[in-house]
Structure formats: structure tokens, C-alpha cells
Amino acid sequence: MALGRPRLHLRETDSTNERARVLATGGAPHGTLVTAEVQTAGRGRQGRRWEAPPGAALLCSLVLRRFDELLSLRAGLAVAEVAGEGALVKWPNDVLLDGRKVAGVLVEGRPRDGWAVVGIGVNVAVDVAELPEEVRGAAGTLGRQVDAVEPVLAELLRALARWLGAPAREVTAALAERDALRGRTVTWAQGVGVADGIDASGGLRVRLDGGEAVVLSAGEVHLGEPPP
Ligand code: BTN
């Protein structure tokens, strides 16, 4: 079934990911889409909130029944394609334009029960000045008009259909072209190193000082050296 059907569009909801989760556990088919104009409890990664001024962002969640471990990166690639030529994917699932975060991807689900929800927020027409202070410094926008939200959704669904079906080696090759971290010093809870690409399982390869490599499978990485 095509991505985006059936579709539930809500003027206001807590979180489209939460609505999609309820639909998924109730048996909704692959491709079911939930969109909203406003979220009162939009979820970001690592327990953070996702905020967007009413109507100015694309807020959507898809129920998927066929997916693999590259899902969030596949979604990131699709969003980057829609965001534009220079858009980069910052592992594991941010999309940057001119170094600023214009979109985020949040995958939640229960693979053992055969479903995942991929939630995507894209700052289509967001005025960054309207975002909460703590995210303003890093946030960006596509800088389009509010009436571009629906066309961006249509474009995104087409790109997602392509990237969700693409062979893993095509996904990793495309990621290599849009990798925001490659060659950059990154810091994570246990260390510091230089990002060296994304591997076939979606992990971030990092080269350590001594030359050996580690693969980070999830979690948070920060650009730059750790604070002294
Ligand atoms: C992140 O960068 O932390 C991920 C943000 C994901 C936000 C989107 S907005 C639509 C969907 N519903 C949610 O509650 N979260 C995702």
C-alpha cells in the first residue's frame, strides 16, 4: 500500500507519534499517516520536546510494518533530499541545512510485534525567532511559506517510498555524500574521536587517537572536543 494512506489529519494533538503508535497497536496498515498542525507534547529524541509554531512545520508520523535497522537514516536521507542539494544528515537522524537543524526524525516501535513509527518534524516555514530559546541557536528553517507544508509532505512521501525500498548499499553510499559528521571531531559519553562514516548497520564509525576504530550504535554525539 502507498505511504500516506490512510491518513489521519488533526488540527491539534499531543504527539503524532503517540497517535500513530495507538493506530499501529490497533492493527493499522503499513503506510498509515498521522499529521497535525499543532502538537502539545511533541516528542524529540532523548526525552526532549519538539516544538513548532502552529501550522509552520510539517509534523508527521508513519506506521511501518516493513523496515530495517537503517530506518531512521533512510528517513533522514529522504528529508535531506526534500530540504535541498546542500542538506546533510547528522547521524543518527538530524537534517542540517547550512549547519542548522531543519528537521528531526524519531523512530519508535516494537520490531518484535512487527511495527515501527517514524516521526518527522520539518521546519518548513518556521520563524526560528519563535522557537524556545534553548533550541534557537542550532535551529534552522527551509524558509518556505506556510502553504508549502502540504507540497513538502507530498515530496517527502515520494522520497521516503524510494529510500525505504532502496538496497542498503545505496543508502550507505548516499549517506556518505550527505554525512555532516565525516572528518569532524565528535564527543560522546565514553570518548572522543573523528567521525569516519556510517556502516552497513547504521552505526557511526569513529577513529580514535591511537588509530583504532569503534562503531557507535546509538545515543548522542556532539561536535567538537570535550570541555576541558
Ligand atoms: C529529534 O530531533 O529529537 C526528533 C524530533 C522528531 C519530531 C517529530 S514531529 C512529528 C513526530 N511527532 C512527535 O512527537 N515527534 C515527531
Side-chain angles (χ1 to χ4, degrees), residues 3-4 7-25 28 31-64 67 71-80 82-83 87-97 99-109 115-126 128 130-132 134-142 146 148-150 152-157 159-160 178 180-181 188 202 204 218-223:
L3 295 180
R7 175 178 178 181
L8 171 65
H9 178 69
L10 300 160
R11 206 190 61 72
E12 180 178 308
T13 189
D14 48 358
S15 152
T16 56
N17 263 36
E18 181 55 23
R19 293 305 104 219
R21 183 190 69 77
V22 170
L23 292 175
T25 54
T32 298
L33 173 67
V34 182
T35 52
E37 274 167 51
V38 188
Q39 295 182 126
T40 53
R43 298 207 279 258
R45 292 181 56 242
Q46 316 270 331
R48 287 189 286 256
R49 285 176 66 91
W50 179 266
E51 309 273 0
L58 172 60
L59 306 168
C60 65
S61 300
L62 276 168
V63 174
L64 299 179
F67 51 88
L71 174 56
S72 73
L73 292 162
R74 290 174 186 273
L77 268 180
V79 178
V82 171
L88 300 177
V89 176
K90 178 173 173 265
W91 185 91
N93 43 15
D94 290 349
V95 177
L96 308 184
L97 193 59
R100 295 181 156 272
K101 176 166 172 170
V102 293
V105 175
L106 178 66
V107 172
E108 297 177 304
W115 64 268
V117 166
V118 58
I120 301 175
V122 186
N123 293 344
V124 175
V126 170
V128 171
E130 286 183 34
L131 292 173
E134 60 275 17
V135 297
R136 225 179 278 155
T141 176
L142 299 190
V146 168
V149 171
E150 273 300 305
V152 166
L153 171 64
E155 231 186 297
L156 178 61
L157 291 175
L160 271 170
R178 290 192 186 263
L181 294 180
W188 66 102
L204 180 70
E220 191 85 317
V221 298
H222 300 281
L223 278 170

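Because the structure is a prediction, the values reported are computed rather than measured. Counting convention: from 1, in listed order, for ligands and their atoms alike. Quick note: numbers below take in every heavy atom, side chains included, and nothing from hydrogens, waters or symmetry partners.
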**Q.** Side-chain touch N123/L58, heavy atoms, less than 4.5 angstrom
**A.** no
Q) Who are the side chain to side chain contact (heavy atoms under 4.5 Å, CB included) partners of R21, not counting sequence neighbours? A) E18, T25, W115
Q. Hey, which residues fall under 4.0 Å of ligand 1 on heavy atoms?
A. S15, T16, N17, Q39, G42, R43, G44, R45, W50, L59, C60, S61, D94, K101, G104, V105, L106, G119, I120, G121
Q.
For R43, is there an ion pair with E108 - N to carboxylate O distance below 4.0 angstrom?
A. yes
Q.
Taking the side chain as everything from C-beta on, heavy atoms only, tell me whether V124 gets closer than 4.5 Å to V126.
A. no
**Q.** A116 to L71 - nearest heavy-atom pair and separation
**A.** CB-CD2, 4.0 Å
Q. Would you say the side chains of T40 and D14 form a donor-acceptor pair under 3.5 Å?
A. no
